[in-house]
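Taking it in order: structure first as structure tokens, then the write-up.
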Protein chains: 2
Amino acid sequence: MESLDRRHVRAPRVTAAMVAARAGVSTATVSLVANGKTQGRVSDDNISRVRTAISELGYVVDSIGSSLARGVSSIVILVTPDVSNPFFANVIAGVRESLGAEYQLLLSVTDAGESPQASDVRKLLALRPAGLLVGAPSAGFLEDLSAAAPLVLLDAPGLESFAPSVNLDVAQGARELARHLASSGHTRAAYVDGITGTATFQLRREAFLEEAASLGLVVSQEHIIRTAIDVGAAAAAFAAAWPGWQREGVTAVVCGTDTHAYGMLQEARVEGVRIPEELAVAGFDDLPYSATSNPSLTSVHLPATPLGRKAGEQLRGLMEGRELSEPHVTLESSLVVRGSTVSS
Amino acid sequence: MESLDRRHVRAPRVTAAMVAARAGVSTATVSLVANGKTQGRVSDDNISRVRTAISELGYVVDSIGSSLARGVSSIVILVTPDVSNPFFANVIAGVRESLGAEYQLLLSVTDAGESPQASDVRKLLALRPAGLLVGAPSAGFLEDLSAAAPLVLLDAPGLESFAPSVNLDVAQGARELARHLASSGHTRAAYVDGITGTATFQLRREAFLEEAASLGLVVSQEHIIRTAIDVGAAAAAFAAAWPGWQREGVTAVVCGTDTHAYGMLQEARVEGVRIPEELAVAGFDDLPYSATSNPSLTSVHLPATPLGRKAGEQLRGLMEGRELSEPHVTLESSLVVRGSTVSS
DNA sequence: CTGAAAGCGCTTACAG
DNA sequence: CTGAAAGCGCTTACAG
């Protein structure tokens, strides 16, 4: 109990004024030393007195005061509609890696895959972020943002005009997938899309459908369904759709994400549908679990960690005022064929 | 190109002074209205003039200025050593849900499952967080934090003396798992632990080992191995350990996380080890993919979203100065038996 | 009910 | 090389 109460007793904050007093200098000098801007501006003697005082007192520059004075904080905001997808965890890891310790990563998550609103944007900007990383945005959303802070887009195909971007070439993998299914003898397929109108989902779907059509793999309109990115929701959607698919000769289903595909696999097992014999299943993302699912899942591999890492690097360049040598980067995707489309 | 350049031209910030000028009042009045503290302090007339000016100008209270004046920001920092685990994505979702829109969630991720250092702590506190959510911390780490801001611990068994906490009763599920394996006829098991000395992992291991020992299920010291929480690392560990296990009669392996278990399943398949006939495999977490893995994975189910949600609620209570009616909450775990331990 | 003023902690021209 | 001072945008006693 005693220790519980301690949290009400805030330790007094160590300020630059306290350091200055101890070192016998002005706060201006403390600021210069604390920020490493001493070059030709502070005497060696003062540098060392201030450093000593800083470590004796345990002084850390207050970010709030600093941000107000500078006009910008050290916060980088990652805006994304989709935390629940494990793909995301790897993107975060990549961002953290390249951003380093100077910047703090703030997560802005919108509800249930919704696109963020203008009012959300204002609140975010009120934090005076050093930079913004925006995943899978809509064009309208970007209008306001691009003027406000250094900005890098992740997975935002078609929006290159707004800001530097790191994209995934999902179309390439989608076409590979269509060829794989067509050459495996399928002639009728279904498609399970996400419910967010995210550009990457559209691209995945369109590239697949186009290549499929050119190969005589038919995906009729009523065999394109949509569900949230959620194993359970996808499973329920499969249960509802399967009788029709079966009756109408669908022998393959492509899912916008592996998570959707897991739902297919799960429900197919419940209903005794044999995969891949009766139905071939494939997804996008190639999540770590796709290698161990039952059956293992054919998927278009997307490099999540490199995506985050590269976006972080680019943003860092912008924040530090560097010119980006390559403002738009595209990372490759490729098909990984596994048991869910090929019987072993 | 033209739009790319726009990001250098920052739109001028709308300040309280601009709103005040437009509404013909002082900035003090603007502040009162913007923060909804008008009760008996601002005339209806002024309230509406200010509101009008705010919406006409699109004014948003600057969080930096506000935080400096108040002495605290609206940022809630979530400190956790383990973003890569998908379990984490659900914890975040739960936190976001209960925290609402007033607070911004900042993610502090340490490298590769390391425990955060004292210097990291100071940097975090320099942001003047409104509250702190700390997952799976070490005791030393908490010493400094508990005095600095409202704090709630997640998954921090044994550290209840530092702060209010939300824990998972992993021991219960661990014991259930031991009973399940013993009653299935296993007499020798291996254990795959994480490499972070996280308390929950220790608890999982100890509860399992203790119950196993009491039931005659032997886990000898050399059959306890450790790897990072990573499918690939776990797979490699399995490859190295399996010959010994097989020789020494191990017929079951329990993994500290499902992610470890996926590695076992993956490598077992590569090596042609039949699961569960030759080796039963089980994990902790019950990630969404455990239901669809091959074979599906027996796992101790841990409620990730409720964990985050409850922790957010508790923290909110603290930040708003409420007394917590129940400072320490424990959520239940339970065993979910699937194909990886029971042949179907 | 209202506003002038102090203060939050820092950074940065500026004058010396 | 150094420090006094202004200023970042806001909130909050305080006096009226």
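Numbered from 1 within each chain, the chains take letters A, B, ... in sequence-line order.
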Can you tell which of [options] lies closest to the side chain of [X]?
X: Ser26(B); options: dG3(C), dG9(D), dG3(D); answer: dG3(C)
X: Asn35(B); options: dC8(D), dT11(D), dC1(C); answer: dT11(D)
X: Leu32(B); options: dG3(D), dG9(C), dT12(D); answer: dT12(D)
X: Ala69(B); options: dC8(D), dC10(D), dG3(C); answer: dC10(D)
X: Arg13(A); options: dT12(D), dG9(C), dG3(C); answer: dG9(C)
X: Arg128(A); options: dT11(C), dG9(D), dG9(C); answer: dG9(D)
X: Thr27(B); options: dT11(D), dC1(D), dC10(C); answer: dT11(D)
X: Val42(B); options: dC10(D), dT2(C), dA4(C); answer: dT2(C)
X: Lys37(B); options: dT12(D), dC10(C), dT11(D); answer: dT12(D)

### Task
With DNA chain C as reference, determine whether Ser63(A) or Gly24(B) sits nearer its 5' end, using the nearest nucleotide of each.
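Looking at the nearest nucleotide for each, Gly24(B) comes out on the 5' side.
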What is the nucleic acid contact for [X], judged by heavy atoms within less than 4.0 Å: base, sugar-phosphate only, or nothing?
X: Ala16(B); result: sugar-phosphate
X: Val61(B); result: sugar-phosphate
X: Val25(A); result: sugar-phosphate

Return the value, rounded to whole Å, for the distance between atom [atom1] of [X] and atom [atom2] of [N].
X: Ile64(A); N: dG9(C); atom1: CD1; atom2: C1'; value: 10 Å
X: Asp62(B); N: dC10(C); atom1: CG; atom2: P; value: 17 Å
X: Asp44(A); N: dC1(D); atom1: CG; atom2: P; value: 8 Å
X: Arg41(A); N: dA15(C); atom1: CZ; atom2: C1'; value: 15 Å
X: Leu68(B); N: dC8(C); atom1: CG; atom2: C1'; value: 4 Å
X: Leu125(A); N: dG9(D); atom1: CG; atom2: P; value: 15 Å
X: Met18(B); N: dG9(D); atom1: CE; atom2: P; value: 10 Å
X: Arg70(B); N: dC8(C); atom1: CZ; atom2: C1'; value: 13 Å

Check whether any side-chain N or O of [X] sits under 4.0 Å from OP1 or OP2 of [N], and answer yes or no.
X: Asn46(B); N: dC1(C); answer: no
X: Ser66(B); N: dC10(D); answer: no
X: Ser43(A); N: dT2(D); answer: yes
X: Ser67(A); N: dC10(C); answer: no

### Message
Is it true that Asn35(B) and Arg70(B) share a donor-acceptor pair across their side chains at a distance under 3.5 Å?
### Response
yes
### Message
Can you confirm whether the side chains of Asn46(A) and Arg51(A) place a donor and an acceptor under 3.5 Å from each other?
### Response
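Side-chain D/A pair, Asn46(A) to Arg51(A): absent.
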Do any N or O atoms from the side chain of [X] and from the backbone of [Y] form a donor-acceptor pair under 3.5 angstrom?
X: Asp155(A); Y: Ala136(A); result: no
X: Gln314(B); Y: Glu326(B); result: yes
X: Glu160(A); Y: Gly158(A); result: yes
X: Ser73(B); Y: Arg128(B); result: yes

#### Entry: Pair partner, dA4(C) [Watson-Crick or wobble, under 3.5 Å]
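Pair assignment: dA4(C) / none.
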### Query
Under a 3.5 Å cut-off for both distances, is dA13(D) Watson-Crick or wobble paired, and to whom?
none
### Query
So which one's nearest nucleotide on DNA chain D is more toward 5', Ala28(B) or Gly65(B)?
Gly65(B)
#### Entry: Glu320(A) and Arg316(A) ion-paired at < 4.0 Å
yes
